[in-house]
K.L.:
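Following this message is one structure expressed as structure tokens.
Numbering of ligands and ligand atoms starts at 1, following listing order.
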Amino acid sequence: MPLKTIPTHECGVFAVHGHPDAAMLTYYGLFALQHRGQESAGIVTAKDVEGVFTTHKDMGLVSQVFKPADLERLTGNRSVGHVRYSTTGSSNLKNAQPLVVNTSRGQLAIAHNGNLVNAALLREELEAKGSIFQTTADSEIILHLLAQPRGNGGGLSALRRIEGAFTIVLMGEREIIGFRDPHGFRPLCLGKKEGAYILSSESCAFDLIQAEFVRDIEPGEVVIIDADGVRSEFPFRASRSAFCIFEYVYFARPDSNIGGINVSKVRVEMGRELARQHPVEADLVVPVPDSGIYAALGVSEELGVPYYPAFVRNHYIGRTFLQPSQQIRDFHVRVKLNLVGEAVKGKRVVVVDDSIVRGTTARSRVVNLREAGASEVHMRISCPPHKHACHYGIDFPDPSKLLANQCDEEAIRKYLGADSIGYLDVAGMIRATKHPAESFCTACFTGDYPVPYDERFDKYVMEQRAHRAGLLEKEEPRLL
Ligand code: AMP
């Protein structure tokens, strides 16, 4: 039977309770979370007295989606917001979040980051019981579950039925609710501003709106924020923590603090570990911007070799990773970065990036450096080789397209045309976080999946990705 759900990838969520400028705070909060999703953005606000929900959402970046008039219309002192990044399935407005539904217990709005691994089964079951779905997003499954009568397994206890990675913010008639799945795959934190409580995927959003960081939400914790303040429930079965280590490596913003540690500092430490594991004699350490910047600093400090940001980034184009066809990706990689050639001419260069996925970026960087006359090029990567799929919300291609899934390190070095290659190993990557190994999901590197997944879901994701890539390839001439 074909699956009907669309996985929700790599999103950013934000919510405000009890502030007269809830929409404006959410708007700026989403700006700070834009790196977590660039396909669509949305805000839903609620007035406490009238209980009216107002929604504005559209495809595009936060700056494109909200005009001053839209923000003026979003009145109320509570809000939920979302930025969405899904390269699978239909990226249409219907699937943009937050989603709003009317239930017997009033209106509910939801914003969701992550993937439900048992979405297909739950959806089939709910449809068999008469639920009519308005979207193909798996977030809607959560709304249908919550909306069921409490005696029938509805309400917060329904959350026990969902499996996978989910960080969610919800707005009900009186409250804001936020929770992390019991493994805590994706981040969520609590802040405070002028008596109002705020939930955000990452703490960098609090800096922007000048809110105070209160704390991270715990894995499996449900925080309910209403007129009486903040209270917590732990409805999930206790599980081992499995925070996505790739958030520290690449995905989270460097100015965010997660698990009591600043992300940029972890990246510098990953660079230091990397340099200790793969020392090399060189004249310059050059980062691949922006993702390799902090690790390159760590490599430079540890090797005692000068840091030089020789690649200059053009900030006015989108992420190359969003372009599914290889030809477009190659073009974007070139347009995105230019090299200060004279800085590297005749030099032994260590080039540092956070990760290699397909190898497109790394290969182009080596070619650029060689063309500019670098005498040696040593590639250093501040995480282990990516060999496996992510089932919990990070968008990686089909494993057959992951370079390290296909080749060993020597073959990768040859493919990149580098003089040497060194990846940080799993233990070193974990050490850099100062957290114990048991607290992480490292499945994309190790293949050790903390939550079993429904294989039909995987097949569906791959089909949707192929379909979408096909569509975009047809549009190629217009994009160029
Ligand atoms: P590739 O060129 O396919 O090897 O991709 C590697 C580049 O993409 C690196 O510079 C990474 O920082 C970045 N990257 C890694 N994972 C992701 C992801 N899931 N989404 C977007 N970019 C990524």
K.L.:
Quick one: does ligand 1 sit under 4.0 Å from the side chain of V357, the backbone, both or neither, non-hydrogen atoms only?
P.N.:
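Both backbone and side chain.
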K.L.:
Which bit of T361 is near ligand 1, meaning a heavy atom under 4.0 Å away: side chain, backbone, both or neither?
P.N.:
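Both parts.
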K.L.:
Taking only heavy atoms of D395, which atoms of ligand 1 are found under 4.0 Å from at least one of them?
P.N.:
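Contacts of ligand 1 toward D395, numbered from 1: 18 (C), 19 (N).
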K.L.:
Counting only nitrogen or oxygen atoms and a 3.5 angstrom limit, does F246 reach ligand 1?
P.N.:
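So ligand 1 has no N or O lying under 3.5 Å from an N or O of F246.
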K.L.:
Taking only heavy atoms of R358 into account, list the atoms of ligand 1 that are under 4.0 Å away from them.
P.N.:
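Those qualifying, in numeric order: 1 (P), 3 (O), 4 (O).
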K.L.:
In ligand 1, which numbered atoms sit nearer than 4.0 Å to a non-hydrogen atom of G359?
P.N.:
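Checking each atom against G359, I get 1 (P), 3 (O), 4 (O).
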K.L.:
For residues S439 and S241, is any side-chain donor paired with an opposing acceptor at under 3.5 Å?
P.N.:
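No donor-acceptor contact under 3.5 Å links the two side chains.
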K.L.:
Has the side chain of N118 got a donor or acceptor atom that lies under 3.5 Å from a matching backbone atom of R161?
P.N.:
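Yes.
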K.L.:
Does any N or O of ligand 1 fall below 3.5 Å from an N or O anywhere on I394, backbone included?
P.N.:
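Min N/O separation from ligand 1 is not below 3.5 Å for I394.
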K.L.:
Under the ring pair (Phe, Tyr, Trp, His ring centres under 6.0 Å) test against F243, which residue among Y248, F251, F185 passes?
P.N.:
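It is Y248, the one option of Y248, F251, F185 that forms the ring pair (Phe, Tyr, Trp, His ring centres under 6.0 Å) with F243.
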K.L.:
Any ion pair linking E410 and R413 (charged N to carboxylate O, less than 4.0 Å)?
P.N.:
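Yes, this pair counts.
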K.L.:
May I ask you to check if R186 and Y392 form a cation-pi contact, with NZ or CZ under 6.0 angstrom from the six-membered ring centre and within 45° of the axis?
P.N.:
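Not flagged: R186 not positioned over aromatic ring of Y392.
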K.L.:
Between S291 and ligand 1, which residue portion shows a heavy-atom distance shorter than 4.0 Å: side chain, backbone, both, or neither?
P.N.:
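Under 4.0 Å from ligand 1, S291 contributes side-chain atoms alone.
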K.L.:
Show which atoms of ligand 1 fall inside a sub-4.0 Å distance from at least one heavy-atom site of F396.
P.N.:
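That gives atoms 16 (N), 19 (N) of ligand 1.
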K.L.:
For A362 and ligand 1, answer yes if some heavy atom of the residue is under 4.0 Å from a ligand atom, otherwise no.
P.N.:
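A362 does not count as a contact of ligand 1 under the 4.0 Å cut-off.
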K.L.:
Are E273 and R431 close enough for a salt bridge, meaning some N to O gap below 4.0 Å?
P.N.:
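Yes, charged N to carboxylate O under 4.0 Å.
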K.L.:
Can you list the atoms of ligand 1 that are under 4.0 Å from a heavy atom of Y85?
P.N.:
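Atoms satisfying the 4.0 Å criterion: 20 (N), 21 (C).
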K.L.:
Just jot down the ligand 1 atoms closer than 4.0 angstrom to any heavy atom of T360, in number order.
P.N.:
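Numbered from 1, ligand 1 contributes 1 (P), 2 (O), 4 (O).
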K.L.:
Pair F166, H112 - check ring pair (Phe, Tyr, Trp, His ring centres under 6.0 Å), show working.
P.N.:
CA-CA 7 Å; F166 42 93; H112 169 205; 7.1 Å; no
K.L.:
Taking the six-membered ring for Trp, are F246 and H386 parallel (under 30°), tilted (30 to 60°) or perpendicular (over 60°)?
P.N.:
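Geometry flag for H386 against F246: perpendicular rings.
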